[in-house]
Chemist: 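Sharing a structure, written as C-alpha cells. Questions coming.
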Amino acid sequence: MDFSLTKEQQMIKEMVRDFAEKEIAPYAAKWDEEAHFPLHVFRKMGELGLLGLPFPEEYGGAGGDTISYAIAVEEIGRACGGTGLSYAAAVSLGASPIYYFGTEEQKQTWLVPMAKGETLGAFGLTEPNAGSDAGGTRTTAVLDGDEYVINGEKCWITNAQYARQVIVTAVTGKDARGKNIITALIVPTDSLGFTIRSNYDKMGVRASNTCELVFENVRVPKENVLGDPQKGFNQFLYTLDGGRISIAALAVGIAQAAFEKALQYAKERIQFGQPISKFQAIQFKLADMAMEIELARNMVYKAAWLKDQGKSFTKEASFAKLFASEMGFRVCNQAIQIHGGYGYMKEYGVERHLRDIKLMEIGEGTSEIQRLVIARQLGC
Ligand SMILES: Cc1cc2nc3c(=O)[nH]c(=O)nc-3n(C[C@H](O)[C@H](O)[C@H](O)COP(=O)(O)OP(=O)(O)OC[C@H]3O[C@@H](n4cnc5c(N)ncnc54)[C@H](O)[C@@H]3O)c2cc1C
C-alpha cells in the first residue's frame, strides 16, 4: 500500500497494474522479438481513459493529475518498456503540446480524439543533424499565401506511423540576433509529400514504433501553427520538461520489473546448499536496488506534484529523469548479475529490461543534457 497516494491515485495504480499484467506483460517478449507495435492495446488503453488521463474531461480526458499519469506510465513500463515508451510519447509529446499551446479549435480537432484514444499523435523535433542541439534544426517552413510549405527530415520519431498528425518543429526565419526562429506546426500524416518510414532495427523498446519523416513541399494551412510562431523553441522546452517526468516514471517501472525478477530468482536459486538470497553480497545488491527505485519514484512524484501545483518543475523533472534513468540502468544490470548466466539468456526476460532502459539515458535529453539543464537551474 502506497500510503502517500490519494484514493484516486491508488485506484489508478491498481487498475493499470491489473490491465498491464493481463494485456501487456504476457506478450512483451514476443513484441520485443518481432518488433511489433501493439496497436490493439492502445485502443484498449483509450477505452480505459488512459490516453487522456491528465487532460480535463471537456477535452475528452479523464481529469487526472500528473502523479496519476506517472503511475500509469510506471505500471505500463513495468510490463513492457516499448509499450510504456509509446504510451508516454503519445500523451506527453503527441497530445500535451496541443493542450498546453493549442487554440480551442485545435484542441477540439486534434486533442479530443487523442484523449479519447481514437487517434495517436507524435512529436517531431530530432533531425539527423540536430539532436541535443535542437536550435540547429534544418527543416524549414516557408509561408506561401495562407499555407506553410515544409521541407526537411526528422529521425527517430515515436508513434509517427500510427499517428493522425505530427507536431513538427521547423525554422521559419531569423531573429534580430541572427538565430533561427523555430515554429511548431501540426502536420496531418496524410499530407501530400509527407513520407513516414519505420525501418530502424532497435536495441530495445522494440514494441515502440520509431520513424523517419521526410517532408517534400508539404503544405499545411497557417492555422496549423501551434502556439506562438516565434516561441516554438520555448514551447518544446516546456513540453520536454513534462515529458521527462514520464521518462523517469518509465525508468522506475522497468527497474521495478527487473528488481522483482531478481528478488524472486534470488530466493529460488540454490548454490552452496542455500538460496543465493541468503548471501550477504546478494542481499546488499537487492537492498540497494529497492532503495534506489523508491528514491527515484519519490523524485518522480515530487516533480509531478510541482507541475500539478503550477510551480516551476524544470530542475526537479531533470533530477528525476537523470537519476531514474541511471539508477534504472544500474538496477537492470544488477538484476542480470543476480541471475548469473541465466540472466544472459533471453528466456529469463531480464536482458530485455537492460536493453529497454538504456534509451531512458538518451531520449528526451541525454544524461549529459540533463546535467546541463540542472547546472543552468543552479545559476551556473
Ligand atoms: C527510440 C527513440 C525514440 C525517440 N523518440 C523521439 C521522438 O518521439 N521525438 C523526437 O523529437 N526525438 C525522439 N528521439 C530522439 C532523441 O530525443 C535524441 O536521440 C536525443 O535527444 C539525443 O540526440 P542525438 O541522438 O542526436 O545525440 P547527440 O545530440 O548527437 O549527442 C551525442 C552525444 O553527445 C552528447 N552531447 C551533445 N551535446 C552535448 C553538450 N552540449 N555537452 C555535453 N555532451 C553533449 C550527448 O549527451 C550524447 O552523449 C528518439 C530517439 C530514440 C533512440
Side-chain angles (χ1 to χ4, degrees), residues 31-32 35 37 73 77 80-98 114 120-139 152-163 165-170 182 184-187 189 196-215 226 232-233 235-244 246-248 250-251 254 317-318 321-322 325-326 329 352 355-376 380:
W31 298 339
D32 169 64
F37 177 75
V73 175
C80 173
T83 308
L85 179 70
S86 275
Y87 171 63
V91 177
S92 290
L93 301 182
S96 292
I98 299 180
M114 278 191 283
L120 284 173
F123 181 78
L125 172 69
T126 306
E127 300 186 358
N129 294 300
S132 303
D133 181 15
T137 296
R138 292 190 187 171
T139 296
E153 54 184 306
K154 301 280 172 184
C155 59
W156 309 321
I157 307 307
T158 303
N159 296 341
Q161 211 173 24
Y162 297 91
Q165 77 289 330
V166 183
I167 299 165
V168 176
T169 50
I182 294 180
L185 298 126
I186 303 170
V187 185
T189 47
I196 302 176
R197 296 189 201 103
S198 177
N199 296 328
Y200 302 118
D201 193 7
K202 299 197 295 290
M203 163 185 175
V205 290
R206 289 169 58 81
S208 181
N209 174 250
T210 312
C211 303
E212 179 191 1
L213 316 181
V214 180
F215 305 90
L226 180 62
F233 196 82
Q235 287 175 196
F236 78 65
L237 289 182
Y238 183 82
T239 301
L240 291 181
D241 281 349
R244 281 166 191 162
S246 66
I247 295 297
L250 180 55
I254 298 170
S318 275
K321 200 269 189 187
L322 175 60
S325 59
E326 294 191 346
F329 190 82
R352 172 167 57 88
R355 287 187 286 107
D356 285 352
I357 206 142
K358 182 60 203 170
L359 180 73
M360 310 306 132
E361 294 180 282
I362 297 171
E364 299 209 25
T366 61
S367 288
E368 291 77 12
I369 294 302
Q370 301 312 317
R371 288 186 167 86
L372 278 180
V373 170
I374 294 165
R376 271 189 209 132
C380 299

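Ligands are counted one by one from 1 in listed order, and the atoms in each one are counted from 1 as well.
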Chemist: Can you find a heavy atom in the side chain of Glu364 that is under 4.5 Å from one in the side chain of Ile369?
Modeler: no
Chemist: Please identify which of these residues, Leu93, Thr239, Thr169, meets the side chain to side chain contact (heavy atoms under 4.5 Å, CB included) condition with Leu125.
Modeler: Thr169
Chemist: Is there a side-chain contact between Leu240 and Arg244 (heavy atoms, below 4.5 Å)?
Modeler: yes
Chemist: With atom 3 (C) of ligand 1 as the reference point, say which of Asp133, Ile247, Thr366, Thr158 has the nearest heavy atom.
Modeler: Thr158
Chemist: Considering all protein heavy atoms, does one lie under 4.0 Å from atom 7 (C) of ligand 1?
Modeler: yes
Chemist: Would a search of protein heavy atoms around atom 35 (C) of ligand 1 find one under 4.0 Å away?
Modeler: no
Chemist: Would a 4.5 Å heavy-atom cut-off, applied to side chains only, mark Phe215 and Lys154 as touching?
Modeler: yes
Chemist: For atom 30 (O) of ligand 1, state whether the nearest protein heavy atom is under 4.0 Å away.
Modeler: no
Chemist: Side chain, backbone, both or neither: which applies to Glu364 and ligand 1 if a contact is any heavy-atom pair less than 4.0 Å apart?
Modeler: backbone
Chemist: Please report which non-hydrogen protein atom sits nearest to atom 51 (C) of ligand 1, along with the residue it belongs to and the distance in Å to one decimal place.
Modeler: Trp156 CB, 3.6 Å
Chemist: Please state which protein non-hydrogen atom is closest to atom 9 (N) of ligand 1 and give its distance, to 0.1 Å?
Modeler: Phe123 O, 2.9 Å
Chemist: Identify whether the distance between the nearest side-chain nitrogen and carboxylate oxygen of Arg206 and Asp201 falls below 4.0 Å.
Modeler: yes
Chemist: Relative to atom 15 (C) of ligand 1, which among Leu240, Asn209, Leu85, Thr126 owns the nearest non-hydrogen atom?
Modeler: Thr126
Chemist: Can you pull out the closest protein heavy atom to atom 39 (C) of ligand 1? Residue, atom name and distance to 0.1 Å, please.
Modeler: Ile369 CD1, 4.0 Å
Chemist: Considering all protein heavy atoms, does one lie under 4.0 Å from atom 20 (C) of ligand 1?
Modeler: yes
Chemist: Do any nitrogen or oxygen atoms of Gly124 come within less than 3.5 Å of a nitrogen or oxygen of ligand 1?
Modeler: no
Chemist: Mind checking whether Pro97 and Leu226 have side chains closer than 4.5 Å, heavy atoms only?
Modeler: yes
Chemist: Is any side-chain heavy atom of Cys155 closer than 4.5 Å to one of Tyr200?
Modeler: yes
Chemist: Working note: Ile98 + Met114, criterion side-chain contact (heavy atoms from CB on, under 4.5 Å); need CA distance, chi angles, decisive distance, verdict.
Modeler: CA-CA 10 Å; Ile98 299 180; Met114 278 191 283; 3.8 Å; yes
Chemist: So, Thr210 side chain and Trp156 main chain: donor-acceptor pair closer than 3.5 Å or not?
Modeler: no
Chemist: Consider only side-chain N and O atoms of Gln370 and Ser318, and report whether a donor and an acceptor are under 3.5 Å apart.
Modeler: yes
Chemist: Using 30° and 60° as the class boundaries, would you call the ring planes of Phe123 and Phe236 parallel, tilted or perpendicular?
Modeler: perpendicular
Chemist: Of the choices Ile362, Thr210, Leu372, which has the non-hydrogen atom that lies closest to atom 40 (C) of ligand 1?
Modeler: Leu372
Chemist: Considering only the protein, which heavy-atom contact is closest to atom 52 (C) of ligand 1, and what is its distance?
Modeler: Leu359 CD1, 3.6 Å
Chemist: Please identify which atoms of ligand 1 are closer than 4.0 Å to at least one heavy atom of Ile157.
Modeler: 7 (C), 8 (O), 9 (N), 10 (C), 11 (O)
Chemist: What is the closest protein heavy atom to atom 26 (O) of ligand 1, and at what distance does it sit?
Modeler: Gly131 CA, 3.2 Å
Chemist: Give the residue and atom name of whichever protein heavy atom lies nearest to atom 27 (O) of ligand 1, and the separation in Å to one decimal.
Modeler: Ser132 OG, 4.2 Å
Chemist: Hey, looking at atom 44 (N) of ligand 1, which of Glu361, Glu127, Glu368 has the closest heavy atom?
Modeler: Glu368
